[in-house]
Every structure is written in C-alpha cells, then in structure tokens.
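Below, read A as the first sequence line, B as the second, and so on, with proteins coming before strands; counting in each chain starts at 1.
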Amino acid sequence: MQATSGKPNKIRWYYEGLSKGVFRASKCSDCGKFTFPPTGCCEHCGSWNVEDAELSGKGTLLFATHSGSDASHPRFEKAAPFVYGHIRLEEGPIAQAIIQGAEPTPEDLKALYEKGPVPVQAVTLQMDDLPVIAFKLQD
Amino acid sequence: MQATSGKPNKIRWYYEGLSKGVFRASKCSDCGKFTFPPTGCCEHCGSWNVEDAELSGKGTLLFATHSGSDASHPRFEKAAPFVYGHIRLEEGPIAQAIIQGAEPTPEDLKALYEKGPVPVQAVTLQMDDLPVIAFKLQD
Amino acid sequence: MRNQLNERVAISGVGCTHFGDLMETPAIKDMSLQELTAAAVKEALDDAGLSGQDVDAVFAGNAMVHSSQLPATYSQMSKWTGTQFKAGVHFEAQCSTTNVGLAMAATAIAAGVYDTVLVFGVESTRSKVKDYSPYEREPISHQQSWLWTDMAVNQAYGVPQGYDIFSSYNGLVALGYCRKHGISIEDFDRGMFELCRTRRLHGSMNPKANIQETMEDAAKRKGLSDAFEYWQSENNPFVAWPSRLLSLVTTADGASAMVLTRADTAKSGRSQPVEVKGFGISASDLPWYGEDPTIWKNDERAVEDAMDMSGIKAGDIGYLHTHDCSHISSLCTAELIGYLEPGKALDAAREGRLRFDGDRPMSTHGGRHAFGHAWAASAGSDTYEAVLQMRGKAGKRQMPKPPEVSVIHTHGYAMIGTVIVLGGM
Amino acid sequence: MRNQLNERVAISGVGCTHFGDLMETPAIKDMSLQELTAAAVKEALDDAGLSGQDVDAVFAGNAMVHSSQLPATYSQMSKWTGTQFKAGVHFEAQCSTTNVGLAMAATAIAAGVYDTVLVFGVESTRSKVKDYSPYEREPISHQQSWLWTDMAVNQAYGVPQGYDIFSSYNGLVALGYCRKHGISIEDFDRGMFELCRTRRLHGSMNPKANIQETMEDAAKRKGLSDAFEYWQSENNPFVAWPSRLLSLVTTADGASAMVLTRADTAKSGRSQPVEVKGFGISASDLPWYGEDPTIWKNDERAVEDAMDMSGIKAGDIGYLHTHDCSHISSLCTAELIGYLEPGKALDAAREGRLRFDGDRPMSTHGGRHAFGHAWAASAGSDTYEAVLQMRGKAGKRQMPKPPEVSVIHTHGYAMIGTVIVLGGM
Ligand SMILES: [Zn+2]
Ligand SMILES: [Zn+2]
C-alpha cells in the first residue's frame with residue numbers, strides 16, 4: 001500500500017485502486033472483519049493489526065432512492081439527480097453509493113422497492129477529477 | 001446608533017463614525033468605564049446598561065514597533081510595513097493601532113523608545129474598502 | 001464508564017433568538033453574529049439573574065466556521081457578553097452542539113471545578129462574511145451551503161463519492177421504515193403530511209419560529225383549499241423519494257444560550273431551575289445504520305447511556321424532542337426511545353397525539369422544519385423549549401400539564417447522537 | 001467557583017508525531033490528516049495499553065478548519081482511531097487546544113461520568129486541501145496562512161484595523177520588558193540570542209522537532225563562524241523591532257494525543273502515569289495587556305487558578321513550559337509564574353539555566369521555535385514532553401533529575417491563557 005510518494009496514504013491507495021476497478025478495503029487480523037473503505041485501524045474492534053484487502057464488488061441493493069436534483073457538490077453537477085442506494089456487500093460491509101441501471105423517478109424507484117433486494121456489482125465511474133464507486137443492477 | 005437597515009449593528013455604527021472622523025465607543029452606566037471599540041455590553045463589569053459615547057481621540061503613545069513587511073491581510077498590502085503602537089487613550093481604554101509620523105526603521109523606533117511616552121491624536125485612514133483608525137504623533 | 005454525575009447540576013437560565021435570516025427577518029435583520037449571540041446570552045443571564053462576570057466559564061458553540069469566520073469564539077464574543085477573563089473553549093458537535101456543551105458544562109460543575117457555566121451556540125447558515133468586511137454579509141448559494149455543511153461528513157470517502165444527505169437521512173430511512181412495518185408508500189405520505197402539519201401548527205404558535213405559517217394558510221396562499229392537496233402539489237417535490245421537501249429542515253440563522261449551575265444554588269436564582277438528570281452521547285461515521293435503516297447504533301448507545309445516568313424509563317417522559325432534520329428519522333428515534341410504539345408513529349401523527357395538546361407531545365417549538373435549524377444553536381433551542389414547557393411558560397403552545405421529565409435528542413451531523421434528560425427540581 | 005477536582009485524574013498515555021511539513025518532511029510526508037492523527041493516537045493508546053474501543057469519549061482538537069476541512073472531527077477520525085460509537089466533541093482553543101481538552105477530559109472523569117477519555121489535536125498550518133481532492137494537499141501562502149490564523153483574532157475591530165501579531169506579541173512586549181527592567185536593547189538582543197540558542201540545542205536533541213539544527217550549525221551552513229554573527233545577520237531580520245525572526249514560532253503540521261483516566265485505575269496501565277493536579281484557563285480579547293505589556297491579566301488568572309487547584313507553589317516546579325510563539329512573551333510568563341526572578345529571565349538564558357541540564361529547565365522539546373507549532377496539536381506536544389521528562393524517558397535531552405512537578409502554560413491565540421499542573425503519582 002505504498003502511495004506514489006513512497007509513504008503510506010490509504011486514501012490515495014483506495015482511489016488508485018478504484019481507477020483500476022479494484023475495490024480496496026482493510027481486514028482486521030484480530031476480529032476478521034472488513035473496514036471499507038480502508039483505514040489503518042479496525043473500525044469494529046479498534047485493532048491496529050489490519051491488512052490490505054480487496055473486495056469482490058458483489059453486493060445486494062437493499063433500498064434505493066435518489067439524490068437532490070441540484071448537486072450538493074460540484075463534482076456531481078453533471079450526474080445529478082442520480083439513484084442512490086443502500087447496499088450490503090458480499091464480505092459484510094454496508095455501503096451507500098450511486099446506483100446504475102434505474103432512473104431517479106418515483107416509478108422506477110417504486111418498482112425497485114416492490115421487487116425487494118436485488119444483486120448489484122461495483123463499477124468505477126470516472127468523474128472529471130476523481131474515480132467514484134457505483135453499483136450496477138445485475139438483472 | 002441605528003444602522004442603515006434600521007436595526008442596531010454596533011460594528012457598522014463604529015465604522016460609519018470612523019469614516020466621519022468620529023471615534024465611537026460605549027460607556028457603562030453602572031461602572032462608568034468605556035468599552036472601545038463599542039459593544040452592547042460593558043467589557044469591565046458585564047452590565048448591559050451601556051450608552052453610546054464618543055472619544056476625543058487624544059491619547060499617549062506608550063510604545064511603538066512595526067508590522068511585518070509582508071502584510072498579513074490584503075487590506076494593508078499598500079501600507080505595510082507600518083509603525084504600530086500601544087496607546088493609552090485619554091478616557092482610559094488601551095488601544096493598539098497604526099502610528100503616523102515615524103518610519104518603521106530601527107532608528108526611528110529607537111528614538112521614539114528613548115523619548116518615552118508622547119501625545120498622539122486619532123485620525124482616520126481611508127483604506128480601499130474600510131476606514132481604519134490611526135494615531136498621529138503630536139510633536 | 002461509571003456514567004454518573006457526582007453532584008447535581010441545574011439549568012438556571014435559558015435564552016434563544018428568533019430563528020430566521022440575518023439579511024431578511026425583521027427581528028434579527030442586520031445584526032452581527034456578535035450581537036445575535038449577545039441577545040441569546042443576555043436572555044439566559046437575565047433569566048438566571050446573573051451577569052457575564054458571574055459565570056466561571058464560557059462554552060462557545062459554532063459549527064460552520066466558514067460562514068461565521070469567528071474561531072476562538074470564546075474570546076471574540078467576550079466583550080459582547082461581559083465574560084472577559086473567564087475560562088472558555090470553542091466547540092462544535094454540529095447540530096448537537098449546544099447540548100453537548102450542556103453535557104460538558106454539567107461535568108465541569110459536577111467535577112467540583114466551576115459553579116456556573118455559560119453555554120451558547122450561534123450560527124449563520126444563510127449568509128457569510130462579505131469579502132473582508134467586519135459587518136457586511138452576503139447570502140450563501142444552495143451549493144455553497146451544502147459544501148460547507150457537508151464538510152462535517154466523511155471527507156475521505158463519503159462526500160467525494162456522491163454522498164447525499166437527502167438520500168441517506170430521508171429516502172432510505174423512509175423505505176426501511178415502510179418495509180419493516182408493512183406501511184404503504186401512500187400511508188407513509190399521509191403520515192408525513194400530518195406530522196408536518198403538526199409542526200407547522202407549533203411554529204405558528206411560536207413568535208420566534210422561522211416558519212409561522214400553518215400548512216392550511218400556505219395552501220390558501222397558493223390558492224388551494226386543501227392542505228393535503230398543497231402537500232402533494234409541485235410546491236412539495238420529492239427530494240429523496242418517497243420523502244418530500246416539507247419533511248425536511250429549513251435553514252436559519254440564530255443563537256441560543258443556557259446557564260448551568262450547581263443544583264444547590266440554582267433555587268436562589270431568578271427563575272425556576274430545571275435539573276440535568278443525565279445525558280448520553282455517541283458518535284458514528286457513515287454509514288449511520290446497518291441493514292435496517294431505522295435502527296442507528298449511535299442513537300441506541302446515546303439513549304441507553306442517558307436513561308442509565310438519569311434513571312428514567314420511557315414511560316416517565318412527558319415531553320420529547322427528537323432530531324428532525326428528517327421527519328421520518330425523528331419518528332424512528334422516538335420509537336427507539338420507547339416514547340412511541342414501534343411502527344405506530346405515523347398513526348400517532350395522524351391522530352394528533354404528537355401535538356402540544358396531545359398525549360405524546362413532540363417538538364412543540366416547531367422542530368427543525370418550522371422553528372428552523374441554525375446548526376450550533378439548534379440543540380439549545382430545543383432545550384429552551386423544554387425548559388419553557390416544564391415551567392409552564394410556553395405561551396399558546398403550552399402543554400396542558402407541564403412535563404416533569406423532558407428528553408431531548410439531537411443528531412450532530414455526520415453523526416453524533418446526543419440525548420439529554422431534564423427533570424423538575 | 002470551587003476550583004477543585006472531586007476525584008483524582010491521571011494521564012496514562014501520550015503520543016506525538018514528528019512536527020514538520022506534510023508535503024516535505026520525510027517522517028510524515030504524504031500522510032493524510034486522518035493518518036497523522038491516528039499516528040499520535042496509536043502512540044498514546046499503546047502507551048496506555050488500550051485500544052480505541054476502551055475509551056469512553058474522544059475530545060477532538062483542530063483549530064484551523066479552513067486548512068483541514070474536517071469539522072465533526074470526532075466522527076471523521078473515528079474509523080481511523082478505532083473509536084466508533086464513543087462520545088465525542090470537536091473543540092479548539094487555538095494554541096491551547098490540547099491542554100484545554102485535557103482540562104475538559106479531567107472534569108468529565110472527575111464528575112463520575114467517564115473512566116477514560118482520549119484527547120487529540122491535529123493541525124496543518126503549512127498546506128490545505130487541494131481543490132476538492134480527498135487526499136491531495138497544496139501549500140498555503142504566507143498571507144493565506146495569516147488570514148486563516150488571524151480569524152481567531154477580533155474580527156470586528158482588531159484584524160480589520162491593522163492588528164499585527166508580530167507587533168502585539170513581540171515588539172511591544174519586548175519594549176515594555178526593557179523599559180520596566182532598565183535593560184538595553186543590546187542586552188535584550190543578546191539575551192534573545194541565548195534563549196534561541198538553547199531552544200535550538202533542545203530541538204537538535206529531539207528527533208521529532210521541526211528544526212533540529214543548532215544555531216552554531218546554521219551559522220556554519222551560512223559560512224559564518226560565530227552563532228551571534230548569524231543572529232545579527234540578514235538571516236535574522238527584525239520582524240517587530242527590537243524582536244527578530246528567530247525569536248518566533250516556526251509553523252508545522254503535526255498531531256498529539258493523550259489518554260486520561262481515573263487515577264485509581266491508571267497504575268494498572270502499561271506506562272508510568274502522571275497526575276493532573278490542576279489547571280487554570282482565562283480568555284481575553286484584545287488588547288491582551290494594559291499599560292504594562294509584560295503583565296497579562298488572563299495569564300495572571302490562569303496561573304492563580306492552576307496554582308490554587310493543585311496546591312503547588314512556584315518553588316515546587318521542576319519543569320516549565322510557557323507559550324513561546326514569542327520568546328520574550330514566554331519569559332514574561334515564566335517570571336509571572338515565579339519560576340524566574342522578575343527582570344532576570346535574560347540573565348538566566350545567558351547563564352544556561354534554561355537548558356535541559358540547567359537549574360530552571362524550560363521547553364526542553366525545543367519550544368514553538370525549534371519543536372515547531374501546529375496550532376491545535378502543540379499544547380499536547382508540550383504535555384508529551386513534560387510526561388517524558390517526568391518518566392525519565394526524554395532521551396538525550398533528559399533532565400538529570402526527572403521533575404516531580406511540571407507546569408505547562410500555553411496561549412490559545414487571541415487569547416486564552418491556559419496552565420496545567422502535572423505531578424508524579
Ligand atoms: Zn477488528
Ligand atoms: Zn461596567
């Protein structure tokens with residue numbers, strides 16, 4: 001997890017992974033749980049004994065709604081409004097992220113809600129200045 | 001002390017005075033001391049029973065040094081470096097402000113230091129965006 | 001932790017300004033943040049019968065330093081509040097600020113250090129310092145406001161990746177609630193309407209509220225005869241389906257203050273004191289909930305700690321405020337606390353039970369929507385309301401029977417659940 | 001106020017990073033503020049033999065939110081320090097931050113609420129967030145740095161009217177000191193040189209210091225054989241006559257942390273605990289002094305309260321740090337405390353009495369000039385040094401006889417005098 005400067009910067013490391021379609025996390029050697037996205041400490045038990053890890057990107061979309069139509073951040077001006085979802089990842093972590101494969105309309109969202117949990121796969125959206133994680137509906 | 005909008009804003013009121021060469025303060029009706037520049041509360045005893053007041057602008061320069069040569073604020077880029085002094089006002093308050101009538105050189109400042117306390121008079125410096133108080137050497 | 005207060009602590013004075021816009025609202029128009037703060041502080045000190053020189057310490061709350069540009073707030077406010085030379089600190093726990101300040105003040109008194117502590121919160125969410133002016137302000141754009149507010153949200157991985165407050169705090173929670181309790185989207189929408197109608201009613205009875213117009217009057221103003229028609233109209237779009245705009249916070253500028261003191265001296269003050277019986281605080285980064293969006297672990301911890309410290313049970317609560325930047329989230333918290341039956345919060349709203357004159361009164365000042373939200377000042381406005389209700393001094397919106405025990409829950413953004421328990425003395 | 005701690009409180013762990021530049025200094029280069037914080041926290045928790053999940057509350061210090069952009073610091077750091085779901089608050093008292101946090105933590109423990117509290121401070125004074133990047137930083141210009149730092153100074157009337165930190169904190173104080181004690185400007189200059197030389201010596205013995213080069217080595221590097229010649233050269237201009245550049249703070253990025261706990265459980269920790277015997281805090285707006293620039297009323301109050309709470313006298317102090325953003329101000333404070341004889345501080349510097357091996361050791365880490373200054377992290381670095389000295393673990397710069405009582409004074413900018421008293425257990 002050496003960053004470009006030769007020093008550890010986990011945040012840079014995460015985004016460098018994302019730009020290559022790799023979903024980086026850290027895994028606790030004590031309790032075995034994942035911290036996603038990665039830090040240098042286990043968010044569950046506080047152990048500093050964590051290792052670099054990669055996640056499959058597989059997950060289940062539990063609920064989906066949408067963002068505001070005016071982006072709250074300049075990075076997302078072109079993208080807003082977007083579908084935003086609540087996801088359980090295969091390896092355990094819960095994530096919230098942009099969802100691809102549905103429109104941010106009450107109709108699409110209601111259909112998704114009535115359908116219940118559906119499988120999703122993480123993908124990388126390359127924004128103007130940063131790669132961003134998103135999840136694509138799988139059916 | 002009504003500000004332009006019809007509501008009290010003591011800060012605006014102070015600067016409006018300054019732009020006319022008037023040195024505004026508040027005076028405590030309980031302990032009789034001045035709060036300069038003005039607030040709505042006596043800085044000495046905590047009383048809310050304060051009245052608008054004007055100061056004469058007369059004072060005594062106790063010590064003088066100079067500012068940095070690179071202004072720490074854009075407003076003072078043209079003025080820096082300037083002589084900066086520690087002043088006892090006739091009405092009691094202590095003030096620190098720009099001093100006019102001496103150069104910010106070790107020579108001038110040493111001469112001022114060796115001379116000891118000297119009388120000064122408040123004047124208004126009109127900066128690009130705001131009037132600023134300064135004190136002029138009186139001899 | 002032992003989770004007890006070794007000595008009894010009381011609130012002996014409270015103050016709160018009108019919540020509104022420093023550039024528009026007549027009651028606070030053109031005031032500096034120094035003067036806005038002083039107005040709340042003066043009310044609290046007068047209420048306690050004290051001056052700024054009588055307090056031992058000042059806990060100065062302000063969250064969005066980008067709009068206020070007044071860090072070291074303890075010293076910048078000291079000549080405006082008469083508190084020169086007192087101990088101080090500037091702190092923030094975002095929208096929990098003032099009540100986290102109350103907790104810190106309570107510990108400083110119960111530790112034996114201070115006898116009297118002034119806590120205040122001040123915020124401008126509507127405008128910022130103009131250029132380098134010492135008094136001119138200018139409005140903040142919608143995006144600027146969220147950029148600065150969202151600085152409190154995970155800056156490494158949350159905000160950069162598309163985090164959206166409306167989704168996380170409203171839409172997903174709403175869907176989780178409907179799914180869990182088998183509530184239809186239509187019933188949800190009707191329940192949210194009724195809750196907002198109650199909050200608007202409360203706001204209309206509160207001369208300090210940001211919005212004092214009832215939903216019925218808003219409908220009339222728009223030429224609609226029916227408030228629910230107004231609710232479902234283009235005046236109230238979905239901000240995060242199925243949650244609508246009027247289920248949200250309205251932003252405001254404002255200040256609040258409280259004076260805390262040793263309980264044994266509080267009774268000799270000017271006004272009826274209220275005891276700080278307990279508190280609980282628990283912070284969490286995103287995501288704020290696991291698979292079930294209605295259960296927030298940080299709230300569970302905060303509630304548990306506050307209940308434990310104060311020794312009260314849910315049935316003892318006579319008045320409750322839960323943080324309602326998001327109305328649906330506030331109902332989840334009320335159910336978590338046990339004030340409302342699980343899954344029945346919307347029914348309670350529809351039945352008017354959450355009104356000031358109902359059997360489960362909540363947020364009688366109008367809450368974050370009608371009273372308005374001024375980040376660091378808001379928790380103090382909630383406490384202010386609770387103290388007024390407990391004293392029987394809440395004016396038109398006074399609960400018929402003043403509560404003996406009040407609980408105030410707030411969410412400090414991004415995220416810190418904070419619960420305080422107040423009791424009569 | 002009663003000014004006592006109802007229960008005994010100890011520091012059971014301390015941590016501090018290298019102070020330097022996140023964009024340049026090898027030991028911390030390219031670290032995020034989250035990682036910089038975690039490094040200090042890990043050291044403190046390891047020192048105490050605890051994990052983040054063992055603490056009850058986190059007091060998160062950060063002063064210059066404009067450079068860090070991490071408000072709600074308690075939650076933004078929680079996954080980097082293992083402290084999810086703990087109580088928290090973000091606070092600042094500028095350059096007193098970490099020690100004001102220590103005082104707040106001590107009250108929270110002595111009140112009976114928490115058993116263990118983590119306090120940290122983190123700051124970047126050298127760089128800021130670049131654009132909207134979650135990890136890239138860029139350097140701050142001199143003017144930008146002062147604009148943001150001076151936001152802590154009276155924004156109504158101080159900064160807008162030409163306030164200058166170098167004048168207020170150095171030049172005027174120096175002149176007041178010389179006048180009061182009949183010291184010539186030449187003797188003043190020589191005394192300031194000797195003080196700086198001592199601090200540089202201390203920095204050279206501290207592997208975490210911002211400047212580890214002695215004055216002699218700096219002179220050599222410039223091709224000068226004599227350190228005093230270097231002092232009087234163009235390398236060391238007057239920044240506020242008669243005060244020179246090298247009598248000032250050097251800015252840095254850094255983080256510090258401490259773990260506070262009940263004294264009765266502290267001894268079962270991993271390292272030798274140190275007791276928090278007392279503290280005093282007093283804030284003041286400008287001007288910080290009256291006619292006599294050497295006497296600051298806020299410091300008088302803070303010193304008096306800390307002495308009173310701890311029950312110590314000046315003669316009990318074995319190690320002293322006074323805030324030395326301005327070296328002359330730091331000497332005035334040492335005289336105010338009674339550690340040095342009035343008017344004799346410059347003599348003490350010349351005689352080497354202020355060195356780690358002298359009879360009046362001060363700022364053995366190198367102080368704000370050599371160790372460097374990272375606003376909210378700095379007071380914690382002073383406490384870190386005091387704890388190391390008291391444990392006999394300060395390496396090359398270890399005082400021959402570890403002090404039994406240490407006093408740490410800091411000035412939170414603009415202005416809050418803060419004094420803490422530490423004692424052996
Ligand atoms: Zn673990
Ligand atoms: Zn007075």
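When the shell of 6.0 Å around CD of A/Glu103 is examined, it contains 12 or fewer heavy atoms from other residues, nucleotides or ligands. More than 12 heavy-atom neighbours from other residues, nucleotides or ligands sit within 6.0 angstrom of NZ on D/Lys208.
Ranking D/Gly52, D/Ala38, D/Ser133 against chain A, the residue ahead of the rest is D/Ala38, based on heavy-atom pairs under 4.5 Å.
D/Glu35 places a side-chain N or O within 3.5 Å of a backbone atom of A/Lys10 that can act as its donor or acceptor partner. Here the side chain of D/Ser51 pairs no donor or acceptor atom with the backbone of A/Gly46 at under 3.5 angstrom.
The contact between A/Tyr15 and chain D is made entirely by side chain atoms (from C-beta outward), counting heavy-atom distances below 4.5 Å. No part of D/Leu50 comes within reach of chain A, as not one of its non-hydrogen atoms sits under 4.5 angstrom from that chain. Only the side chain of A/Leu130 comes within less than 4.5 Å of a heavy atom in chain D; its backbone stays farther off. Looking at D/Asp131, neither its backbone nor its side chain comes within 4.5 Å of chain A, counting heavy atoms on both sides.
Here the OG1 atom belonging to D/Thr81 is positioned 11.0 Å from the CD atom belonging to A/Glu43, to the nearest 0.5 angstrom. Of the inter-residue distances, the one linking D/Met31 atom CE with A/Ile11 atom CD1 reads 11.0 Å to the nearest 0.5 angstrom. The SG atom of A/Cys41 sits 13.0 Å away from the CD atom of D/Gln34 when rounded to the nearest 0.5 Å.
Contacts between residues 57-79 of chain A and chain D, defined by a heavy-atom separation under 4.5 Å, are made by A/His73, A/Pro74, A/Arg75. Taking non-hydrogen atoms and a 4.5 Å limit, the residue list of residues 370-383 of chain D in contact with chain A is empty.
Of all non-hydrogen atoms in D/Asp30 and A/Asn9, the two that sit nearest each other are O-ND2, 2.8 Å.
Side-chain contact between A/His44 and D/Gln84 is absent, with no heavy-atom pair separated by less than 4.5 Å.
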